[in-house]
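Each ligand, and each atom within it, is numbered from 1 in the order the structure gives. All values below come from the heavy atoms of this structure, side chains included, with hydrogens, waters and symmetry mates left out.
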Amino acid sequence: MPPPLALTRRSLVWLYRGLAERGMNTGSSGNVSARTRDGMLITPSGCSAETLRPSDLVGMSLDGALHGEGTPSSEWSMHAAIYAAHPQAACIVHTHADACTALACLNLALPGFHYMVTRFGGDDVRCAPYVTFGTPDLARLAVTALQGRTACLLANHGMIVHGRDADDALAGAVLLETLCRQYLLARAAGAVRMLTEEEMQAAQERFKMYGPASNNVPARHA
Ligand SMILES: [Zn+2]
């Protein structure tokens, strides 16, 4: 059951500011959302981390009907399609964070070069093909790239991460940006040795034994 709306609104403002503070939302090009009982709450079009207030978040149904005032982010249909197709998604981050976007501009998936890649649900993080932002095609391609995963890249555009709540989504976004940066550094330095299927599998098993990794989990807001 989703948390009360007032709490969700505060969590989304915390999440949006958290991305900005980490330099992951340059030019306010990203957007965040959370699932609600009757659809979702999403950041408004053209908002900034400095001025965003809980009351500015736009409530809407997953088929696009507005619940009150405000103009939702131009990427609202991508968020809505992900909530409709992925029941475990409770909170979504979309940004043009530097390393994620750089890798996406090579039209490459993030491969199994490091065991932490398994934290997103599989042996890689896929890259959805390029189409124009804000279109139903982009929503469909993002949903497909997220099958069995909690993250994907969007070619020549950016990234998406979904999580159980705002904390989980921010931790996932920070981890994905870190791994993309590490992969780009390794690629630039030489031939990267990929982990084998067995090595990735062993890492997954190890995580099951030890529970959620403490790596890259930011402190929760008060
Ligand atoms: Zn975007």
Side-chain angles (χ1 to χ4, degrees), residues 12-35 39-52 56-58 60 62 64 66 70-86 89-110 120 125-147 149-163 166 168-181 183-184:
L12 285 175
V13 171
W14 170 82
L15 172 57
Y16 196 73
R17 288 194 183 137
L19 292 165
E21 284 162 9
R22 288 164 178 79
M24 291 175 60
N25 191 23
T26 310
S28 301
S29 49
N31 34 76
V32 301
S33 70
R35 189 192 292 277
M40 64 179 180
L41 278 170
I42 188 164
T43 38
S45 177
C47 68
S48 81
E50 292 77 37
T51 58
L52 182 69
D56 295 332
L57 290 151
V58 181
M60 60 194 305
L62 297 187
L66 287 175
T71 305
S73 155
S74 60
E75 293 292 11
W76 71 265
S77 63
M78 186 169 72
H79 290 250
I82 293 166
Y83 290 124
H86 296 275
C91 184
I92 295 172
V93 167
H94 164 61
T95 77
H96 303 174
D98 290 346
C100 292
T101 303
L103 187 56
C105 290
L106 301 177
N107 286 214
L108 291 175
L110 179 69
F120 298 104
V125 174
R126 302 182 192 101
C127 183
Y130 180 78
V131 286
T132 307
F133 77 93
T135 59
D137 274 351
L138 180 59
R140 185 176 50 77
L141 291 167
V143 163
T144 303
L146 284 166
Q147 286 304 324
R149 304 282 191 275
T150 57
C152 72
L153 302 177
L154 304 173
N156 306 88
H157 183 161
M159 60 81 124
I160 298 172
V161 169
H162 67 77
D168 191 37
L170 180 58
V174 170
L175 176 60
L176 184 62
E177 175 68 357
T178 302
L179 288 169
C180 285
R181 188 168 60 243
Y183 179 58
L184 289 167

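When all heavy atoms of Leu62 and Trp76 are compared, the closest pair comes out as O-CZ3, 4.3 Å. When all heavy atoms of Ala173 and Leu19 are compared, the closest pair comes out as CB-CD2, 4.1 Å. The shortest heavy-atom contact between Gly163 and Asp168 is CA-OD2, 3.3 Å.
Counting only distance, with no hydrogens or angles, the side chain of His96 and the backbone of Thr26 share no donor-acceptor pair below 3.5 Å. In this structure, Thr51 contributes its side chain and Cys47 its backbone to no donor-acceptor pair below 3.5 Å.
There is a side-chain donor-acceptor pair under 3.5 Å between Asn25 and Tyr16.
The count of protein N, O or S atoms under 2.8 Å from the Zn ion (ligand 1) stands at 3, with waters excluded from the count.
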